[in-house]
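One structure is given below, encoded as structure tokens.
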Amino acid sequence: MAKIKGAIVIDREHCKGCELCVTACPTDVIRMEKTVNGKGYHFAYMENPDACTGCANCAVVCPDGVITVYRKKIEEL
Amino acid sequence: MENQSVSTDEIVREENLVYKKTSLMTSKALSYCPGCGHGVVHRIIAEVIDEMGIQADTIGVAPVGCSVLAYEFLDIDMQQAAHGRAPAVATGIKRCWPDKFVFTYQGDGDLAAIGTAETIHACNRGENITIIFINNGIYGMTGGQMAPTTLPGMRSSTTPYGRDIALMGNPLKITEVVATLPGTYFVARHSVHTPLNARKTKKAMRMAFENQKLKKGLSFIEIVSNCNSGWKMTPTQANKWMEDNMFPYYPMGDIKVNGEMVKKKEEPKA
Amino acid sequence: MGQVKLMKGNEAFAEAVIRAGCDAYFGYPITPQSEVLEYLAAQEPHKRTGMVLLQAESEVAAINMVYGAAGTGKRALTSSSSPGISLKQEGISYMVGAELPCLILNVMRGGPGLGTIGPSQADYFQATKGGGHGDYKVIVLAPSSVQEMADFAGLGFELAFKYRNPVLILSDGAIGQMMEKVELSEQQPRTTSFDQSWVTTGKSPDRERNIITSLNLDPSKMELHNRKLQAKFAGMQENEVRYERIDCDDAEYLIVAYGSCARICQKTVKLARQKGIKVGLLRPITLFPYPTKIIQEMTGKIKGILTVELSAGQMVEDVRLAADGKVKVAFYGRMGGTTPAPNEVLGVLEQQFLNS
């Protein structure tokens, strides 16, 4: 049986910390970092990477286009 | 669990890429406030132009307002128009270059207050262009003043006690107005605050640009959006407020498709 | 030798813009210049040359349609009369700021407000001192005949593209409405040889994107842009001054007048010379740039200047600046709708300079 596994890469320096990706994520992958980036914004990161399905919902609603999404089909043995 | 053995590094590879910012967006950081819908709409426009392969034939018209600098973020030829005049500027371009793709990007103050005449007449002439109308019920750039689309009772810096209909008139549903004009071919209202809504907006945007290719007349897409700074809310709060207050007044969905009015039916809340 | 016809000034202008290879006209009806749009509509220029013609919803929309067309490198124009030109000022200011070429015809009528539909020259300040907001100038051509209404169409476009700046033809209700013999030039092709590297027709892979804008939020960059514009205006002043001198060689008195007023004053010169008064006429053809130098040169040789205008006295300020107090500058004007007779002007000249 195959499983879909995803991952996102966040351009931390261009993230403005609006948290819309957190709301948009159906599998509760994303959280906001406690530290801030160069512009003083808390930026998004993958808190639960294993739950990511690569659905790209976060990237679709990101106003600043800082999220890149990857997805891989993994064959389970 | 088996898949725990697959690390993020193994997934983040070029061959597994499913979504990245289109190259038609410039590398310049967007000047909009955190959570503002402008960025998403910009990206949807850029993606549609990219996917249709029409960068070399597209001219955008930027308005006065927060998106006055839209040309800094979209890697296409653009003209900056005087406040409200984008549909006239677009008319001038399109009449001279009927085979090019021309769109305007306008806010509520630009399109539905100072530029009402230009909007109505471009729509009525059926100019073969796309008008993208961002409605956030407020003047964002000048500091949150009342817009033609500000809701009854809604506070702004010029209606500090809420919009009083008796004094300031009613919010203008200009999208419904232009839909009644024979020159409009496709009129729809969408939002970009959830993945589903953003995807619907993109579908509509694609249809609007395809209509230009087919020389069908004017396509008009309203996007009900947020203004977190102007509304004085967090982005998440603003989107919730928008769903609860803006959507009942400005309902989502197609208003006119293929030149025919869509029969009214209750749209479920997004 | 081109075709010779008897035409109204407005019609001659309209025919000439088609023949000059103009790409697009956007306008709104207003008396006394509606014949421009009417003539073009009757000619169906989209069939003759492929020229775009559109009656806009307002003067404001029309000038912004011109902005859009000009931003794609097209030779676009609009025409109107005084109240309508006031409405276009925002667009003209934007076009100068964004460095867009275009042609604008103002067939002046009397003001202020709705005023009167008769000829006037009361828009001189508006035309030559900017007109809208910001530090800017447009080249102003002042025709005094139907022939010049036709000739300035081609010249106007040439200058507009040379400087990437709007050019204004400042005519008036008399020149627009009167009929005269006019020699029309041959049809020119709608092709252009000017630099098109800046136009917005879609970003091709081989170039950076082009942006038409007058906005610059960085004040230091905005100042640089303004200095660039000012250098352009200085270049116009250096190279584009045009004027006509009539009977000036031995003149003791000089009349300065432009447009329809110059036509009247040409007769005054004749009447004066019949009486033995040595009067000459200086007719500025460009109102910006103004023929300041030639007035300066002439002040040493003459006893007095009379400036005649269809206004309360606007151009006279530029004449006085040029004369710099070295010679008396008198003024006579009628206020729009009414025009002075040649002997009326002669009477003023005699009263001002000979009877004292």
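Order of the sequence lines fixes the chain letters, A, B, ..., with proteins taken first and strands second; residue numbering starts at 1 for each chain. All values below were derived from every heavy atom in this structure, side-chain atoms included, with hydrogens, water molecules and symmetry-related copies excluded.
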May I ask you to test the C:Ile212-B:Gln80 pair for a side-chain heavy-atom distance under 4.5 Å?
no

Closest approach of B:Ile93 to C:Gly68 (non-hydrogen atoms, all atoms of both residues):
CG1-O, 3.3 Å

Between B:Asp57 and C:Lys203, does a salt bridge (charged side-chain N to carboxylate O under 4.0 Å, His left out) hold up when you go through it step by step?
CA-CA 7 Å; B:Asp57 294 306; C:Lys203 180 199 173 297; over 6 Å; no

Heavy-atom neighbours of B:Tyr19 OH exceed 12 at 6.0 Å
yes

Decide if atom CZ of C:Arg227 counts as having more than 12 heavy atoms of other residues, nucleotides or ligands within a radius under 6.0 Å.
no

Contact part of C:Ile63 toward chain B, heavy-atom cut-off under 4.5 Å: side chain, backbone, both or neither?
neither

Most chain B-contacting option - heavy-atom pairs closer than 4.5 Å, from C:Thr213, C:Thr201, C:Val52:
C:Thr201

Is it the case that over 12 heavy atoms from other parts of the model lie below 6.0 angstrom from the NZ atom of C:Lys162?
yes

In terms of heavy-atom pairs under 4.5 Å with chain B, the winner among C:Gly50, C:Ala69, C:Ala56 is C:Ala69

Under 4.5 Å from any heavy atom of chain B, what part of C:Phe26 do you find: side chain, backbone, both or neither?
side chain

Do the non-hydrogen side-chain atoms of B:Met78 and C:Asn210 ever get within less than 4.5 Å of each other?
no

Counting only non-hydrogen atoms closer than 4.5 Å, does C:Val66 touch chain B with its backbone (N, CA, C, O), its side chain (CB onward), both, or neither?
neither

Using the rule side-chain contact (heavy atoms from CB on, under 4.5 Å), only one of B:Val102, B:Asp77, B:Thr58, B:Val61 pairs with C:Thr200; which is it?
B:Asp77

State whether the number of non-hydrogen atoms from other residues, nucleotides or ligands found under 6.0 Å of B:Lys20 atom NZ is greater than 12.
no

Any B:Arg95 side-chain heavy atom under 4.5 Å of C:Leu54 side chain:
yes

C:Ser204 versus B:Ala56, closest heavy-atom pair with distance
CA-CB, 4.1 Å

Heavy-atom contact with chain C under 4.5 Å, split by part of B:Leu69:
side chain

Atom group of B:Ile76 that falls short of 4.5 Å from chain C, counting heavy atoms:
backbone

For atom CG of B:Leu172, decide whether the heavy atoms of other residues, nucleotides or ligands shown that lie under 6.0 angstrom number more than 12.
yes

Side chain to side chain, C:Ile211 and B:Glu72, heavy atoms closer than 4.5 Å:
no

Proximal component of B:Ala82, with respect to chain C [non-hydrogen, under 4.5 Å]
both

May I ask you to decide if B:His121's main-chain N or O and C:Glu57's side chain share a donor-acceptor pair within less than 3.5 Å?
no

Taking all non-hydrogen atoms of both residues into account, name the closest pair between C:Thr72 and B:Cys96 and its distance.
OG1-CB, 4.4 Å

Could you check whether atom NZ of B:Lys28 has more than 12 heavy atoms from other residues, nucleotides or ligands sitting under 6.0 Å from it?
no

Which atom names give the shortest non-hydrogen contact between C:Ala61 and B:Glu118, and what distance separates them?
N-OE2, 4.0 Å

Look at atom CD of B:Glu15 and say whether more than 12 heavy atoms of other residues, nucleotides or ligands are closer to it than 6.0 Å.
yes

If you look at every heavy atom in C:Glu90 and B:His83, which pair is closest and at what distance?
OE2-N, 4.5 Å

B:Arg85 versus C:Tyr94: any side-chain heavy-atom pair under 4.5 Å?
no

Report yes if the side chains of C:Leu215 and B:Tyr71 come closer than 4.5 Å at any heavy-atom pair, otherwise no.
yes

